[in-house]
Every structure is written in structure tokens, then in C-alpha cells.
Number of protein chains: 2
Amino acid sequence: MSNQPKKNVSKKRITLIDVAKDAEVSRATASLVLRGSSLVSSATRDRVHASMKKLGYVYNRAAASLRAQSSHAIGLAVTDITNPFFAELVISIEARMDEKNYSVLMMNTSEDLDKQERFLQSMHGYQADGLLLCPAPGTSQDTIEQLKLWQLPCVLIARHVPDTDYDYVGADNIAGTTMAVEHLLSIGHQRIAFLGGSAQSSARQERLTGYKKTLQGNNIEFDPSLTVESPVSRDGGFAAVKELLQLSAPPTAAICYNDVVAFGAMLGLQSESRQPGVDFGIVGFDNIADAALVRPALSSISIPPAQIGEAAARLLLARIGDPAMPVQRIILQPELVIRNSCGFHR
Amino acid sequence: MSNQPKKNVSKKRITLIDVAKDAEVSRATASLVLRGSSLVSSATRDRVHASMKKLGYVYNRAAASLRAQSSHAIGLAVTDITNPFFAELVISIEARMDEKNYSVLMMNTSEDLDKQERFLQSMHGYQADGLLLCPAPGTSQDTIEQLKLWQLPCVLIARHVPDTDYDYVGADNIAGTTMAVEHLLSIGHQRIAFLGGSAQSSARQERLTGYKKTLQGNNIEFDPSLTVESPVSRDGGFAAVKELLQLSAPPTAAICYNDVVAFGAMLGLQSESRQPGVDFGIVGFDNIADAALVRPALSSISIPPAQIGEAAARLLLARIGDPAMPVQRIILQPELVIRNSCGFHR
DNA sequence: AATGTTTTTTAGATCGATCTAATTTTTAGA
DNA sequence: TCTAAAAATTAGATCGATCTAAAAAACATT
């Protein structure tokens, strides 16, 4: 019995060998066809393609990755996918990579440094061809430098890591808050707060720099009590604005770390019977789709995620193609979109 | 010159062989340690672990996948990650899978059947251990059945595929719209529309069924003109509600396919100088975080994405563990969260 | 000390594609 | 027709882990 050829072997996987046999070529030739090489004649190519279709061949990437030391996949880590800014970013990156036949392995780090570290390890293990990383605040230089040891190309998105020279794509945060402060000043606000975000985030540092500089440029002294940190969430914004309202001399307006925080701040104001856009000015950052929807509609500094994603994807592909290419930093210019949340009717 | 040992070989990858050599054991033993096998003595285990750390060993998953015909990765396809419902779903799935040391390969299909098909192929190519799939509307039976051929376990999320028997996790859509209709009737609405979504979506079909049944149960005739399709987006909802308002006998309330559509509908109403919650009732579906934030706050049928994700992940892991296990369908009960968008002050 | 068990370790084959370094075939040129 | 060059094809080694089946070591039992 047991000497009989096994009957219950449900079905072996179709491999290149099967295809090659069927098309009467060598494994090597079949492999060339697979990769669209111009070395192979069109007659053979067609024959192999026909066999592949006939047998239902499916490429085994694990085998290819092992041999070629490259997976045709890239890793993408964002800190918070529930933030529409990142959701849009992810979509644009995926679309672009898909076009180039790259797979995208995505992870949400939730700003957790350990999780991020595991992600990097895992990407090395998967032989990812490159990484798009929105680093969690507090990411160390060492963390990033190990990627060089692994020769794993990486483009940073939206946030820097101090003391590293990596490709980077982001928005001009300083210009963003500069515009926001100037607008708020122009409509009569004098005490303007900067609300939310984590102090370790480079994006926040830059936004804060623009804020401080512009205040100083307008002869307004920077008041540290008007700058509060918070988790990057609605709840964070909610709590932070309440804190501000407790001050003996509370602000009349706030520039928020981003729109999500701004939404929370608006709720916080309402819970204290203040009306954003009437007796308090709010400006967000990112200009996500919801900014136009909430009431009052949120004024926001627009940094189009699709463009950032697009640029980052393109840059990473270029970097993968030429690891020796000089480091690039692409800074996109933001725009201030004024809606109804800044108003200050004295 | 060229006979010299190559000096510029930057650094070979550290493999199990290196570790084994350093720890003075065989490759096989080192592999066992890697997988936490109980076959190996604790003394050897420690020695191997030490060598791994010392040499900076990183697991090569491609090699492991090839040999073991399993990648310890699962595929996750959702239709629209910019929808916070799916964003939350993704997070909960990722968290759970991460816990079990599975990687998640995510794709956004944008409801594109071709893209979805490529995703499935790609997952087979990557030797994914399983799939979590929110099928795009119009997904064919064949598409799904090929997964069986590939012996690729799959759990469907939130939407069915007709005539298939796959594991499934979703909400009781019929119960959801039943509650919504009953609530709207109870506060005096008589002409209630069903707004948005794609007719091919099983989720919509179920929601529509609940809607129709409940109307009939309350002796209200179903009026087909009150049911409109739309893309699942804000813009879709915006256009759809305007269409409804054009009717000679327009509705006084609408149950929306989901919250995103509902937000668009609210904007559409406002653009026609109607006030949702005052002269028109709106109910959404999903109860995403923004529902509480918009003004008026949106009443919505709550189906917690985290719970669905959690359940789906658990089910998939069980299925991977035991492919012969009977098919399971997990239906979670929704809740109606009443806020300020239904009101109808005659 | 001899034997049987259990625990621990291992050699060698293997997964399925790609790479290298040829070889074979075709085309071009004289 | 012959040779050189170009185009097309291929055999065999290889990537780095896991699996199988068996051997070696450690431990009991008589």
C-alpha cells in the first residue's frame, strides 16, 4: 500500500520547472520570460506565457527574494493611520508603488518605539527593498543608522530624526505656522496659543519655531504658558484647550498641532460654552477633508498628503535605483486655507 | 590583483550558519532555538541566543518562507482606508496579529476588482498564511474559490460574497437599519429614504432589507424612488441627498449607507438651506469618531470596528491552525446611538 | 557493565526562483 | 562557404532557513 504513488497529494504547487517543461525550454529561460528580459525571443516568450496561463502558474516571491536578495516590496510605517492625513498619504504611496509593481507592507506604529523597531527588523528580514518611514517621536539616531548597516534605503516622511542625513519629504512647517500667526494677528488676535503635539516631534518643533519667530517679528513676547503639549488626538486637543482656558490671561486664539487636535480643541471650547470662530480663533494643520465639514469650518494649513506621498515614493524608487545618489530633502510649500474658525468679532 | 581575497565586500549578511559556528552547534540546532523548540537544552539555547545577539543576526524570512511554505504573514485588504471605520479596523487587526508575531501585508483596493485580484495573486506569491478580506462589491465567486485551490485560508469582513461559504465576521446590518427606521418613525418621520452605497455591496443589501422590512412591518409602502445609490464618499452623499430633495414628494429623513455618506448628505442639505436635525432627519451607519463631532452630532448605528477586527483576526488564526474546522459566521449586534441629527420639530 | 529510554543534536536534502558563466543558435560580413 | 559577432538559450550553483530521519549523548534500570 504505502509503496503506491501517493494519491492524496492534493496538488503540488506549479513551479517554474513545470512551466519550463511544458513550454519545452529551460528553467533559466522561463525565468527570463518572467522578468520580461529582452534576451529571449518573442516566439519563446509567447510559448512560455501560454504555458504559464495554461498551468495557472503563480510566482513564488519567497524563492525569488531569497535568491535575488530583494523582495520587490517596500515597508511603510506611519504613526497613526486613523489620522486622515496619514490615510491619504498611505493611499497615494500605495497607488504609486502599485504602478511600479512594488508591494507595500504597511505598519501602524502608534508612535510606539518598540513597535517601530520591530518593524524595521522585520523589514530587513523580509528583504524589503526600501522603507518609507514616518518616525515616531523620540526615534534615536542609532535606530536609523542600523538601516545603513543593512544597506536598506529609507526615506523619512513628515518628520526628521535628529543628527541624521536621510532623504526626506515633508512640508515647510515654519512657513505654515508663520502664515497662520500672521493671519490671526491681522484679524486682531494678540494672545495666540500653540496647542498640542509631542515635544519630541520634529514637525512640532518646526511649527513651534515658525510660531515663535513670527510673534517676535511682530513684537509680541513669547509666553511659554501659551504652549501646551498633548497627545495627537481629539482627546488631547480637548484637554489641552481646557487647560489654556484656566489661565489667568487666557489666549483668544490657538494654532493647533494638527487638525485632529484642532477638532478636539473645538469640542473643548464648546464644552466650556465658548464658540470657536466667534469668541475664540482656531487654526489647524494638514487641512484634512473633515476640516471643511465641521462647524464652524476649520481654517487650516494645507499640506497635501497625496503630493507628499507621491514625492516620497518617487524619491525612494530613485534611491533604490541609485544608492549612491546624493541625499535629497524635498520641502513642499503649505497654503493657509481660511474658513470660519478664526473669526474674532470684538 | 584579482586573485586577492576581495577586500571591498562590505559585509556579508549574518546567517544561521554564522550563528551556529559561533555557538558551536549545528545549523539545525540553531534553527530549533530560533523557533523556540523545547527539544533543545536550555544551556545550548542560551549559547545560541548569545551568539545571535553578539553577531547581530536578523532572521531571513524569505528563506524560511520558501522552505516552510509559510510566511507568518497575513494579507489584509480593505476597500477604503480613508474611511475611519476601516482605519480602526486595520489598527485592531494589526495589533492582534502583531501580538501573535504575524506580519500584516495591507492593501487598499479602492473597490477596484482588478487591484483586488492582483492582491490575491500577490498574497499567494508571498505564501501568506491567510487573508482577511473586505471584498470589493462585485467580487465573483470564482475569485474567492481560487483561494481554496491555493489552500489559502480567508476570512471575509463586513461583506459577503454571494454563493460562497467562507468564514465571516460582520455586523447584523438588518438589525441596525431596523432600529434606525423604528427610531425615525417614533419621532414622527413617515417618508424615510435610504441613501447611498453601491447596490452590489452585500452590506448595503442587508441594510436595505432591514429598512424595507421595517417599513412594511409598520404599514408603510416601500417607495423605490426613496432609495438612491451613490459612491461611498462624502461627495456621493452630497449629490444623493440633493437628488432626493428634487422629488415632488421628498423624504423628511434618510438612513445613510454609512457615516461618510451621511456627512456628505448633511453638507448637501445645508447647501440647500436645510438644517439636518431640524427640518430633516439623518442617521448614519458605523458610528465613527467624527459622528460625535460634526454639528449637528450625527445619530448613527454603531458597529465597533475594533471588535470586528479582533474577532476576524482571532477567527483567521483559528482557521490557519485548523483548516478543517467548520465554517464560522460571527455576527455582532449593532447599537443605535442617538444624537442630534434625527430631530424633526413639526 | 549491559541494556533500554529519553533527550539532545545533527547531516544532508530541500523549497523555487535567480545568477553566473558558459554553450548553442542565428545573423552578418567577407 | 567560412568566420566573427550578436542573439538566444542553458546547466549548475546558489540564496538561508527548515525538514526528515537518524545518530549521539545522557539518563535509568536491571
Side-chain angles (χ1 to χ4, degrees), chain A residues 2 6 9 11-48 51-52 55-73 122 124-127 129 150-151, chain B residues 2 6 9 11-48 51-52 55-73 122 124-127 129 150-151:
Chain A
S2 55
K6 343 170 198 164
V9 142
K11 66 217 91 213
K12 270 190 58 221
R13 184 181 184 118
I14 304 291
T15 77
L16 254 200
I17 298 189
D18 303 313
V19 172
K21 219 169 268 169
D22 186 84
E24 300 181 299
V25 296
S26 71
R27 207 168 60 268
T29 304
S31 172
L32 288 173
V33 171
L34 216 52
R35 283 171 287 157
S37 162
S38 59
L39 286 180
V40 49
S41 75
S42 58
T44 333
R45 185 186 355 264
D46 293 348
R47 209 142 34 83
V48 172
S51 296
M52 292 197 322
L55 301 177
Y57 170 75
V58 176
Y59 190 58
N60 186 326
R61 234 181 234 297
S65 302
L66 174 57
R67 180 64 243 243
Q69 306 282 42
S70 141
S71 60
H72 232 71
S122 165
H124 181 43
Y126 272 112
Q127 323 252 58
D129 289 358
W150 295 339
Q151 301 174 278
Chain B
S2 56
K6 343 170 200 166
V9 142
K11 69 216 86 208
K12 271 189 55 214
R13 184 182 182 118
I14 303 291
T15 76
L16 254 199
I17 298 189
D18 303 314
V19 172
K21 218 170 269 170
D22 187 84
E24 299 181 300
V25 296
S26 73
R27 207 166 62 270
T29 303
S31 172
L32 288 173
V33 171
L34 217 49
R35 286 171 285 155
S37 162
S38 59
L39 286 179
V40 47
S41 75
S42 59
T44 338
R45 188 188 353 267
D46 293 348
R47 207 141 37 82
V48 172
S51 295
M52 293 198 319
L55 300 177
Y57 170 76
V58 176
Y59 190 57
N60 186 326
R61 239 184 228 296
S65 302
L66 174 57
R67 180 64 245 242
Q69 305 285 44
S70 143
S71 60
H72 233 71
S122 165
H124 181 43
Y126 272 112
Q127 323 250 59
D129 290 358
W150 295 339
Q151 302 174 277

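Sequence lines set the chain letters: A, B, ... in the order given, protein chains first and strands last, and positions in each chain run from 1.
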Length of the line joining [X]:[atom1] and [N]:[atom2], which is rounded to integer Å:
| X | N | atom1 | atom2 | result |
| --- | --- | --- | --- | --- |
| B/E24 | C/dT8 | CD | C1' | 17 Å |
| B/L39 | D/dA26 | CG | P | 17 Å |
| B/R35 | D/dG16 | CZ | C1' | 13 Å |
| B/K21 | C/dT10 | NZ | C1' | 16 Å |
| A/I14 | C/dG16 | CD1 | P | 11 Å |
| B/D18 | D/dG16 | CG | C1' | 10 Å |
| A/H72 | C/dG16 | NE2 | P | 22 Å |
| B/L16 | D/dG16 | CG | P | 10 Å |

Once rounded to the nearest 0.5 Å, what's the spacing between atom [atom1] of [X] and atom [atom2] of [Y]?
| X | Y | atom1 | atom2 | value |
| --- | --- | --- | --- | --- |
| B/M52 | B/L34 | CE | CG | 5.5 Å |
| A/D22 | A/L55 | CG | CG | 4.5 Å |
| B/R61 | A/H124 | CZ | NE2 | 13.0 Å |
| B/S65 | B/N60 | OG | CG | 8.5 Å |

[options]: which one has an atom nearest the side-chain heavy atoms of [X]?
| X | options | value |
| --- | --- | --- |
| A/V25 | C/dA17, D/dT10, D/dC19 | D/dT10 |
| B/T44 | C/dT9, D/dA17, C/dG16 | C/dT9 |
| A/S26 | D/dA11, C/dT18, C/dT9 | D/dA11 |

field: Within 6.0 Å of CD in B/Q69, more than 12 heavy atoms from elsewhere
entry: yes
Of all heavy-atom pairs linking B/I14 and B/Y57, the shortest is O-CD1, 3.5 Å
So does A/R27 reach the base of D/dG12 with its side chain, donor to acceptor, closer than 3.5 Å? yes
With hydrogens left out and only the distance checked, is there a donor-acceptor pair under 3.5 Å joining A/R67's side chain and the base of D/dG16? no
- Taking A/S71 for the side chain and A/Q127 for the main chain, is one N or O donor matched with an acceptor at less than 3.5 Å?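 Between the backbone of A/Q127 and the side chain of A/S71 there is a qualifying donor-acceptor contact (under 3.5 Å).
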B/S70 side chain to B/D129 backbone, donor-acceptor under 3.5 Å
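Flag not set: sc B/S70 to bb B/D129 has no pair under 3.5 Å.
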Reckon [X] touches a base, only the sugar-phosphate, or nothing at all at heavy-atom distances under 4.0 Å?
| X | result |
| --- | --- |
| B/S41 | sugar-phosphate |
| B/T29 | base |
| A/T15 | sugar-phosphate |
| A/A64 | sugar-phosphate |

5'-most contact on DNA chain C (nearest-nucleotide basis), B/R47 vs B/L66, goes to B/R47
Note: for B/V40 and B/Q127 on DNA chain C, the residue whose nearest nucleotide lies more 5' is B/V40
Would you say [N] has OP1 or OP2 under 4.0 Å from some side-chain N or O of [X]?
| X | N | answer |
| --- | --- | --- |
| A/Q69 | D/dG16 | yes |
| A/S31 | C/dA17 | no |
| A/Y126 | D/dA17 | no |
| A/R61 | C/dA17 | no |
| A/R13 | C/dC15 | no |

In short, salt bridge (Lys or Arg N to Asp or Glu O under 4.0 Å) pairs touching residues 34-47 of chain A with sequence neighbours left out are none
If an axis is fit to five pairs at each end of the helix from C/dA1-D/dT30 to C/dA30-D/dT1, what is the angle between the two, to the nearest 10°?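 That helix gives 40° between its end axes.
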